[in-house]
Amino acid sequence: MILATALFLMMQQDDLRQGLAALNRNDPLHAREYLEKASKADPQNAIVWVALAQTYLKSGQKELAVESVRRAGQFGAETPAVQHALALFYAGIGDMAEAAQWERRFAAAPGASAQTAANAAALSLEAGQADEAIKWAQTALRGEDSLAVHHLLGKAYEAAGQLERALPELQRAAEGEPTPDVFMADYGQALLEHRDFADALTVLEKGRQRFPKDPQLALSYGVACYAQRRYADAVSAFLETIRLDATIEQPYVFLGKITEHAGDRLPEVVAADAAWERRAPDNYLPVFLHGKALLASSAPDAAEIETLLRRSIKLNEAFWESHMELGTLLSGQGKWAEAQRELSRSIELNPGEARSHYDLARVYLRLGKTDQAKAERAEYERLSASAESARSLPTTSPDRRE
Amino acid sequence: MRATITAGIVVLAALNWHAPAFQSPIHFAYRPIPFTLETSETPERHAPETMAGGVAIFDYNNDGALDIFFTNGADIRTLKKNSPKYSNRLFSNDGKGHFTDVTEKAGLAGDGYDMGAAVCDYDNDGYKDLFVAGVHGNHLYHNNGNGTFTDVTHQAGLDRPDAEYGPLWSVAGLWLDVNNDGLPDLFVVNYLAWDFAHEPVCTAPGGRDYCDPKFYKKTPNQLFLNNGDGTFKDISAESGIRAHPGKGMGAAAADYDLDGSMDIFVPNDKLENFLFHNKGGGKFEEVAFEAGAALREDAQMISGMGLDFRDIDNDGYPDIVYVALDDETFPVLRNTGKGEFADVTRASGMSTLSLPMAGYSPTVYDFDNDGWKDIFVTRGHVEVMLPERHGQVEQPNTVFRNTGGMKFAALTAEAGLAAQAPRRHRGSAVGDLNGDGRVDIVTTAIGAPAEIWMNDSPGLNHWIEFQLEGTKSTRDALGARIKVVTHGGTQYNHVSFNFGYASSSAGPVHFGLGADKSVEAVEIRWPSGIVQELKHVAGDRIVRVKEPRQ
């Protein structure tokens, strides 16, 4: 009887071993066969259930995987290795809250390393649990004073809205050696959020010199220049971002806001928008931005721009700005009725844009609709006054002329 | 061929030949004048401290040479000139561009916080008088014809505070004959409601700064009708002007719809501009919105500053240029000839050129005598000089050369205008100070010496100037429209002395003739309705024309 039990256990362990080996060599079919046998032999073995969960996941059987992992948690909740494994599993399926919860249990075990605490902090941060992230990053920092952990703590403070505490941590991470590009980008970004534009520019400029191929640093630098109204520099930085990584959307959008400042680089802006448009022919935004960039030229081709704006509208009828630009373009050509339609639609989609009301008022005037013109002009004045008044709130700083 | 080129290079090298440097078609040489604009700048940054600086060029003693008058500030607390440094100054020109301070004898030192200088012979006695606009007090100085002036503000009825708004802050005066009765009337541009005791506090990194105009209330402009007996009647309300309070920074007059009556354009600071259409008989309607001149083409309210209002593209219809701060552009509005304006800021190249600039005073004159009027702009920001302020507060002046048909090229250092340190420039006046046929410029700057920019542009272009004398029209011929026809083309201008920022340029009407030594035909349309024609007029001189008694 004793021998039989021992043999049974050996077989069971052999199934688990063989199942894990198959899982490691990415052979979910055999892994499943061995591990299911092992689970039947020892249904309370959490390790078996964790391994099975991974196997099911690899086979695309998410429901079975989740059920397996539930059982693993049921039988191995107090086992550190299982806790860590469960954290990894949940992180893998994007359930960051559950992942963070298991990793924190793992990190709370006696003798857990600083790295484990840092992992708990990182997962908590990803789960949007900023307070937990701060707590575990502080724990990690007590065990290991590294740039990575300072960065993590800074990001945790930032996520908790404690920017004043975040900045020194991010600064320490960004100014240490060797620091990766992301630390410098994050510190610069936090300075931007803190409206400390001058320091942001300094940090990001330094970052750009050190990591000239990093698109995020170029983008953040552009944003800092934009915030500082250094539009020519912003244009250069956004164009550089596109050169480094043409798939990032933000530089195109920012360039669209400051097209008039492009100066002799306007052809590059037009070319960048056109290239994006070619890569994403079903996306209304590049088509619109392409048209808007062409509008900024000193001798715009109205027909080409009209075609682009109409195509942008076809791709996304609900984007108000395409209607507004098209309406304004048409009114410039004396096509009052069409202009009225486009501007009215723009206002339907975004009644808060003062310029649409002003342009529509001018169109109504030309159409002899004086009452409507008066009403639109009054709405323009109301919106302008309210925007001006919002800018006058004491919280806006600086108050001087801008 | 290659051998020839190589040989040529060798020869040129042996001769130590250098390619000629680019020679700007417009160029100025700096000349100092002993006047410093003192505005009593305080740490509290009271609004008027950054807004002063009117200047006038006019012949005060009828000696044929253009003289210079500067307005000056005062103690900001009392608005009184409690120190000689605040004195307004009049400099007499010897005709060669050399100036002597004659302020004391002329009696023009003033006593208040002065801003604008508006020149005109308001009583048609043949001597140009001076209206000085100021903070909570204006002055009318009558030219006695003997080198002295008398303050006649009270007798003229121009010293009364507004019944509703109290004392007003006037920035500039504009003389024009609103009802074509031959008597110059006075339009007064008022900025905003300001009171020393209630200055809003506006901060910027580094300390206090001047506040945005949104922190102050609007005030109405005024129109005073000349009674012909040395007194004026306030017709602000009945004319329709008072119904439109704003934050005016300048005014200029032109008959934009060619209906025979002078109209008025007023740029407002961060508000819609005003275009007061003259309906005749001293009645105005505000039509900026209808005429497409109320706002920039993207419907943004910008910091409208000084302006000029005259034909830039030689089509006979007066156009408008006004300036604003950095990132706002210097809008150029082309008169379509159909009672409205088209914003051609972008198409003219001005948008890109002016975006990084902050401007105060534009003047539209042909500085290289090529037959196309250019635009000179005094530059400088409103703000104090905080170290982290990127958009430079102190800036050099710039001339925008009209390369033909309203396309502009900016010339700053190329035109010699970087010869002096950048400043917070304010007013500007233009006129030929040394009789060489090239139009010179005088500019002011906050807390800094004034600058004379003598026009020493290269080229041998010809010119002609017209000094008109009205008989039935105002003696100064305000509003008279001059058409000049040469082989090179047709040009138009009109008599209007008050434009730019708070400034006056009351010299003869100037035309550049390019290669043409003479003018084929001149047509003068006097405000009285009389049309006068001259044929085959020789150039390179001032032509004096008296309105015929028809």
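Letters go in sequence order (proteins before strands), and every chain restarts at 1. Computed from a prediction, not measured in an experiment: that's the story for all the values here. For the numbers below, each heavy atom of this structure counts, side chains included, while hydrogens, waters and symmetry mates do not.
Contact of Ala361(A) with chain B is made through backbone and side chain together, with heavy-atom distances under 4.5 Å. For Phe197(A), no part sits under 4.5 Å from any heavy atom of chain B, backbone or side chain.
When all heavy atoms of Arg362(A) and Phe289(B) are compared, the pair lying nearest together is NH1-O, 2.7 Å. Considering every non-hydrogen atom in both Ser298(A) and Arg346(B), the closest pair reads CB-O, 3.7 Å.
Counting heavy-atom pairs closer than 4.5 Å to chain B, the top-ranked of the candidates Arg355(A), Glu381(A), Arg377(A) is Arg377(A). Contacts with chain A were tallied for Asp327(B), Val344(B), Thr345(B); Asp327(B) has the most, counting heavy-atom pairs under 4.5 Å.
In Arg242(B), the CZ atom is crowded: over 12 heavy atoms of neighbouring residues, nucleotides or ligands sit closer than 6.0 Å. A 6.0 Å sphere centred on NZ of Lys206(A) holds no more than 12 heavy atoms belonging to other residues, nucleotides or ligands. Atom NZ of Lys257(A) has 12 or fewer heavy atoms from other residues, nucleotides or ligands within 6.0 Å.
The structure places OH of Tyr358(A) at 8.5 Å from CE of Met301(B), a figure rounded to the nearest 0.5 Å.
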Under 3.5 Å donor-acceptor pairs involving side-chain atoms of residues 290-299 of chain B, not counting sequence neighbours:
residue: Arg296(B); atom: NE; partner: Asp298(B); partner atom: OD1; Å: 3.0
residue: Arg296(B); atom: NH1; partner: Glu328(B); partner atom: O; Å: 2.6
residue: Arg296(B); atom: NH2; partner: Asp298(B); partner atom: OD2; Å: 2.7
residue: Asp298(B); atom: OD1; partner: Gln300(B); partner atom: N; Å: 3.2

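Below 4.5 Å, heavy atoms of chain B meet no heavy atom from residues 328-350 of chain A.
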